[in-house]
Amino acid sequence: MIEDNFIKSIPNELDSGANFILDKISKFHQDNQNNTVEFYQTYIEFSALLEAFLLSYKCPFKKIDLDLNKEDNILKIMNFSHQIKLDLRTMSKKRLVQDSSNIYKAPFQYPFSQAIISNELDKTQLLINELREILSMSSVFGMEHKSRLLRQLGNLNRNYIRNFLKYSSLGVL
């Protein structure tokens, strides 16, 4: 029988609350491995409590398909609790990655940031074109030196545009 104090002490957050219940199920199972059938009703109560908790947060899970064999049902309950623990870890990792991604994307998600970045691309293109013209018209540099500088300027321009497009496609810009 699950105690009322245990139910009252379940944390309200999905991860911590579910893990609190899962840890209790695991500890109960370890303590009663030799007498599992005697405590069958408690296993059923724990699985019902876990399902109700997950349903209250609209957390998707596959229901346990119980039958008449008590030992099989206990194994199903334990497998279910292990699967929920894995699912919670996966969800937590995904949430952490999403939160981290949002932190780094945040400065770029405002329209004025996008306008500034697009503006900078245009300005940079104009400056590169001006440098090309100045280099082409310059009599200070020899032809080999001019062609080498123009090639480096072209590479700079290609890399700048490539990086701009790459970050745009990733949704950062």
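Counting from 1, the numbers follow the sequence of the chain as shown.
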Within the side chain of [X], is there an N or O that forms a donor-acceptor pair under 3.5 Å with the backbone of [Y]?
X: S147; Y: M143; result: yes
X: S136; Y: R132; result: yes
X: N157; Y: L153; result: no
X: S138; Y: I134; result: no

- Message: Is the ring pair F39/F28 parallel, tilted or perpendicular, if the boundaries are 30 and 60 degrees?
- Response: perpendicular
Just verifying a value: how many Å separate [X] [atom1] and [Y] [atom2], rounded to the nearest 0.5 Å?
X: D4; Y: S9; atom1: CG; atom2: OG; answer: 10.5 Å
X: I2; Y: E45; atom1: CD1; atom2: CD; answer: 5.0 Å
X: L88; Y: S16; atom1: CG; atom2: OG; answer: 10.0 Å
X: M137; Y: K146; atom1: CE; atom2: NZ; answer: 9.0 Å
X: I77; Y: E51; atom1: CD1; atom2: CD; answer: 8.5 Å
X: M78; Y: L22; atom1: CE; atom2: CG; answer: 9.0 Å

- Message: side-chain contact (heavy atoms from CB on, under 4.5 Å) for N32 and E38? Distances and angles first, verdict last.
- Response: CA-CA 9 Å; N32 300 297; E38 290 178 32; over 6 Å; no
Atom [atom1] of [X] with >12 non-hydrogen neighbours under 6.0 angstrom:
X: K24; atom1: NZ; value: no
X: K85; atom1: NZ; value: yes
X: E3; atom1: CD; value: no
X: N159; atom1: CG; value: yes

- Task: Check step by step if side-chain contact (heavy atoms from CB on, under 4.5 Å) holds for Y160 and Q125.
- Result: CA-CA 9 Å; Y160 185 74; Q125 293 297 308; 4.1 Å; yes
In this structure, would [X] and [Y] fall into the same cluster of hydrophobic residues linked by side-chain contacts under 4.5 Å?
X: L127; Y: L135; answer: no
X: I161; Y: L156; answer: no
X: F61; Y: L75; answer: no

For [X] and [Y], which heavy atoms make the closest approach, and how far apart are they?
X: S81; Y: I25; result: OG-CG2, 4.3 Å
X: M91; Y: C59; result: CE-SG, 4.1 Å
X: F53; Y: A18; result: CE2-N, 3.3 Å
X: D72; Y: N69; result: OD2-ND2, 3.2 Å

- Given side-chain contact (heavy atoms from CB on, under 4.5 Å), test K63 with F80 step by step and report yes or no. CA-CA 8 Å; K63 286 193 172 260; F80 172 74; over 6 Å; no
- Query: Is there side-chain contact between L66 and I44, with heavy atoms separated by less than 4.5 Å?
  - Reply: yes
- Task: Please tell me if the side chains of F6 and F46 come closer than 4.5 Å, counting only heavy atoms from C-beta onward.
- Result: yes
- Query: Between Y40 and N73, does any side-chain donor sit less than 3.5 Å from a side-chain acceptor?
  - Reply: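 There is such a pair between these side chains.
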- Message: Taking the basic N atoms (NZ, or NE/NH1/NH2) and the acidic carboxylate oxygens, is any pair closer than 4.0 Å for K27 and D23?
- Response: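 Salt bridge between K27 and D23, a charged N being under 4.0 Å from a carboxylate O: no.
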- Message: Could you work out, with side chain to side chain contact (heavy atoms under 4.5 Å, CB included) as the rule, every residue matching H145, not counting sequence neighbours?
- Response: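 Side chain to side chain contact (heavy atoms under 4.5 Å, CB included) list for H145, sorted by chain: F141, R148, L149.
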- Message: Holding to side chain to side chain donor-acceptor pair (under 3.5 Å), I want the full list of residues that pass it with D65, two or more places apart in sequence or in another chain.
- Response: none
- Item | CA sep, side-chain torsions, deciding dist, call: L49, I10, side-chain contact (heavy atoms from CB on, under 4.5 Å) | CA-CA 11 Å; L49 176 64; I10 296 173; 4.0 Å; yes
